[in-house]
Amino acid sequence: MRNSKAVLFDHNPGRNAQTVGIARELGTDIDLIHEPSVGVIGNKGDSQCYLGVQRKVEVIHECLRQKIGNGSDQMSMRLVQPEYTVATSDGMRNGTREMRYSLIGREVTHDTVCEHLSASGLEGTIAVVACDKPPVGTLSALLEHDRPSIIMSDGPIRPGTDSVTKERIDIITGFQVAGSNDEEMKQRVACEACPGYGSCGGMFTYNTMQTFIAVVGMEPLHMVSPPSDDPRRMEQFPDELVSYLAAMMEADLTPRKIVSRDSIRNAMIVAMAVGGSTNVLLHGPEIARAAGYGNFSEDIMSFDEFNHLSQHVVPVLVDARPFGTYSMVDIDEKGGIQVIVKELLDAGLLYGDALTCTGETLSEQVRRLNPPAPDGEVIYSVANPYKPTGGLRVLGGNLSPEFSAVLKLAGVEGGLEDNVFVGKARIFDSESDLLQALESDPDAIDNNDMIIVRYEGPSGAPGMPEMLDSTSRITTLCREKGIVVGLMTDARFSGGSVGLVIGHVGPEAALGGPIAFVQDGDEIVVDLNNNELNCTALSDPETLRERKHSWENTVEGNGGSHPSIGKADTRLLNRMRRSAVSAIFGAGMHPDRVLWVKDPREPVKTSFVPSNKYRAGLGKAF
């Protein structure tokens, strides 16, 4: 083979003994044990998200086994038994201490896949991915291994139906009614919100990132939107995946040849257009890093360009949960994400010459799929979008000097006057403190409060947990009382969160970021005209100096760490505390917080500039 990464077994009988035994048990020719390896991997964990993965992996494995052999139309390769990664469930852990392991699960998945690919030397890999973080860890490991590989989404879950109201419900419904006193209703929602199996069905983090992975080129577009229990995932897609992988190995088409600067930019633009999760601003930089680009804002897309595109060029094209009505299964019924991609291509917003795992360019793949026009109810056209501006915005200002803070504008339900929110700081030094306050005295939360939850960042928590429980309770409170309450944090949010919520504020409090110096009652200004997040008091240099000095004295008196940081009582949590990099670099674990990039490469900049033919003159090169 062309590749030095392929692990080939020699004829040492000691090394061959188990290799022969595996081939015999898997039903493949033992003469192929000296050939390069190929195999299937999947994501698993304690969650409804993963229940369908193993059966799909086993079907794909059997299709691959049937293709292995010495015949002219077969693959002369060693078949490896299926392997699985492990992670936790965001939905089951939100609002608990265990939620700290969620983002860490991305890193553990990455390490597990790296261990398997590197030690087994896989020359070809098919991955079935599920839930939020493991797909990103899987793709990142595939990018670093850089041998032919292809991904398939396990698929989203179908929405539930409330047996009393007959309304569609999902896991977000459950979190939003958590503060209710109606125990019968809460039990009913818990039992009816998530029928069957599959990953969260709205345009939350899972579907945001599956769309991203497909548009970046590593997953066929038509394999994203069908639900997990759709027969195509067992009867049609496995053979297609094996055929695509065989062609990729023949052509030596590897992940880093597919995932380029332009393909990552395409994926970010589509994330804006679907009103995607704020987590894409964590996972996008991590995928870029694994592809060889260490600085997302310099190599891929600057903060200014991101905001320009989201504010002026890219509209939201779907009426999807959590900010809208429909789920990914409805998008599938209207033609799938390929409908959205075609709309964006035709409008001039995407680079169509980017390569994909099917061997086609993005434009060629869409042309072959020939999706229908937008239906105008679930999927909208670029000419007449669901919302005129993109769903995400990144913020600078004196609370976010790293320009890391992110707002899901598609989910904001009110509170912005002329694109500005002015609020009063309410400080909580942990999410548990906030949840206790919301449980015991929700009426103490006032209109125009800006709740600040800190010491929950990558190092501080540690693990940068999502705050779906908190935001859902606040959303319900605001709707019931007709008030506007913001929430900002150095942690992050679920793709299911809505409201005026700002995450990834950095540097984080545990590392002495400005968010640590805010005090109760301070004026907080969210200015979307200038894309800034500011604390008025900290604009005064003397106030900033005094508060920073006081914070440093507290840290020094506590042995070098702030007393409000979370307890790191396992090796994994301690590893995250001591190695987590900033959110702008993906908040991953890197020794000494020094970002590691395998085989860094220079971004190749084409002449393509994203533009919207329905908004003449707004295309702008950065």
Side-chain angles (χ1 to χ4, degrees), residues 45-49 87-105 131-133 169-183 185-187 189-191 193-194 199-200 202 204-206 277-279 282 321-322 408 411 426-442 444-445 451-458 460-480 485-499 501-504 564-570 573 576:
D46 178 23
S47 170
Q48 207 168 0
C49 303
T88 189
S89 161
D90 294 358
M92 292 162 60
R93 311 301 178 197
N94 251 291
T96 73
R97 285 171 49 82
E98 290 72 38
M99 188 62 198
R100 298 179 297 168
Y101 288 96
S102 171
L103 184 60
I104 291 174
C131 205
D132 293 2
K133 315 307 175 295
I169 56 175
D170 57 24
I171 191 170
I172 305 304
T173 312
F175 279 102
Q176 289 178 346
V177 302
S180 171
N181 294 321
D182 187 339
E183 297 301 323
M185 180 269 291
K186 289 195 290 186
Q187 176 67 15
V189 168
C191 292
C194 295
S199 297
C200 292
F204 316 146
T205 303
Y206 171 73
S277 166
T278 54
N279 281 310
L282 282 180
R321 296 275 289 157
K408 185 172 181 175
R426 290 286 304 274
I427 305 297
F428 296 89
D429 282 349
S430 70
E431 186 190 19
S432 61
D433 287 350
L434 171 59
L435 287 170
Q436 184 176 358
L438 290 170
E439 187 75 31
S440 62
D441 191 15
I445 305 298
I451 294 172
I452 296 178
V453 183
R454 59 193 182 189
Y455 298 103
E456 295 282 13
M464 202 181 188
E466 290 180 351
M467 298 197 171
L468 178 59
D469 194 356
S470 302
T471 58
S472 297
R473 290 171 185 259
I474 292 169
T475 296
T476 301
L477 182 70
C478 290
R479 290 171 180 173
E480 290 176 348
V485 176
L487 191 155
M488 58 174 279
T489 179
D490 51 9
R492 59 194 180 90
F493 296 113
S494 162
S497 292
V498 293
V501 294
I502 301 169
H504 311 183
S564 295
I565 63 174
K567 187 177 181 180
D569 53 1
T570 65
L573 292 176
M576 187 70 173

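Computation of the quantities below employed the complete heavy-atom set of this structure, encompassing side-chain atoms and omitting hydrogens, waters and symmetry-equivalent molecules.
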Asker: Can you give me the closest heavy-atom contact between Ala461 and Glu456, atom names plus distance?
Answerer: CB-OE1, 3.4 Å
Asker: Determine whether a donor-acceptor pair (N or O, by modelled atom type, separation under 3.5 Å) exists between the side chain of Asp433 and the backbone of Gln436.
Answerer: no
Asker: Compare every heavy atom of Ile171 with every heavy atom of Cys200, then report the nearest pair and how far apart it is.
Answerer: SG-CG2, 3.9 Å
Asker: Taking all non-hydrogen atoms of both residues, which atom of Ile451 and which atom of Phe428 are closest, and how far apart?
Answerer: CG2-CD1, 3.7 Å
Asker: For a 4.5 angstrom cut-off between non-hydrogen side-chain atoms, does Met576 reach Arg100?
Answerer: no
Asker: Would you check if the side chain of Thr96 reaches a backbone N or O of Arg93 as a donor-acceptor pair within less than 3.5 Å?
Answerer: yes
Asker: Under 4.5 Å between any side-chain heavy atoms of Pro322 and Gln176, yes or no?
Answerer: no
Asker: Do Leu487 and Phe493 have side-chain heavy atoms sitting under 4.5 Å apart?
Answerer: yes
Asker: Between the main-chain N or O of Val177 and the side-chain N or O of Thr476, is there a donor-acceptor pair closer than 3.5 Å?
Answerer: no
Asker: List the atom of Leu468, the atom of Thr471, and the distance in Å for their closest heavy-atom pair.
Answerer: O-OG1, 3.2 Å
Asker: What pair of heavy atoms forms the shortest contact from Met185 to Ser180, and how long is it?
Answerer: CE-OG, 3.5 Å
Asker: Rounded to the nearest 0.5 Å, how far apart are CZ of Arg321 and CD1 of Ile172?
Answerer: 6.5 Å
Asker: State the CG-CG distance between Leu438 and Asp469, to the nearest 0.5 angstrom.
Answerer: 8.5 Å
Asker: How long is the gap from CG on Leu435 to CD1 on Ile474, to the nearest 0.5 Å?
Answerer: 8.5 Å
Asker: Nearest heavy-atom pair of Pro465 and Ala491: which atoms, and what distance?
Answerer: O-CB, 3.3 Å
Asker: Which value, rounded to the nearest 0.5 Å, describes the distance between Asn94 atom CG and Phe175 atom CZ?
Answerer: 5.0 Å
Asker: Does Asp182 come within less than 4.0 Å of Lys186, counting only side-chain N to carboxylate O?
Answerer: no
Asker: Output, in order, the C-alpha distance, side-chain angles, deciding distance and verdict of side-chain contact (heavy atoms from CB on, under 4.5 Å) for Leu573 and Tyr101.
Answerer: CA-CA 8 Å; Leu573 292 176; Tyr101 288 96; 3.4 Å; yes
Asker: side-chain contact (heavy atoms from CB on, under 4.5 Å) between Thr88 and Glu98: does it pass, once the steps are laid out?
Answerer: CA-CA 9 Å; Thr88 189; Glu98 290 72 38; 5.7 Å; no
Asker: Under the criterion side-chain contact (heavy atoms from CB on, under 4.5 Å), I'd like the reasoning laid out for Arg426 against Leu434: C-alpha separation, chi angles, the key distance, then a yes or no.
Answerer: CA-CA 10 Å; Arg426 290 286 304 274; Leu434 171 59; over 6 Å; no
Asker: Measure the shortest side-chain to side-chain distance between Tyr455 and Ser430 over non-hydrogen atoms and say whether it is less than 4.5 angstrom.
Answerer: no
Asker: What residues, two or more places apart in sequence or in another chain, satisfy salt bridge (Lys or Arg N to Asp or Glu O under 4.0 Å) together with Glu466?
Answerer: Lys133, Arg492
Asker: With rounding to the nearest 0.5 angstrom, report the CG to CZ distance, Asp490 to Arg454.
Answerer: 9.0 Å
Asker: Under the criterion side-chain contact (heavy atoms from CB on, under 4.5 Å), I'd like the reasoning laid out for Glu431 against Met99: C-alpha separation, chi angles, the key distance, then a yes or no.
Answerer: CA-CA 11 Å; Glu431 186 190 19; Met99 188 62 198; 5.9 Å; no
Asker: To the nearest 0.5 Å, what is the distance between OG1 (Thr489) and CE (Met464)?
Answerer: 8.0 Å
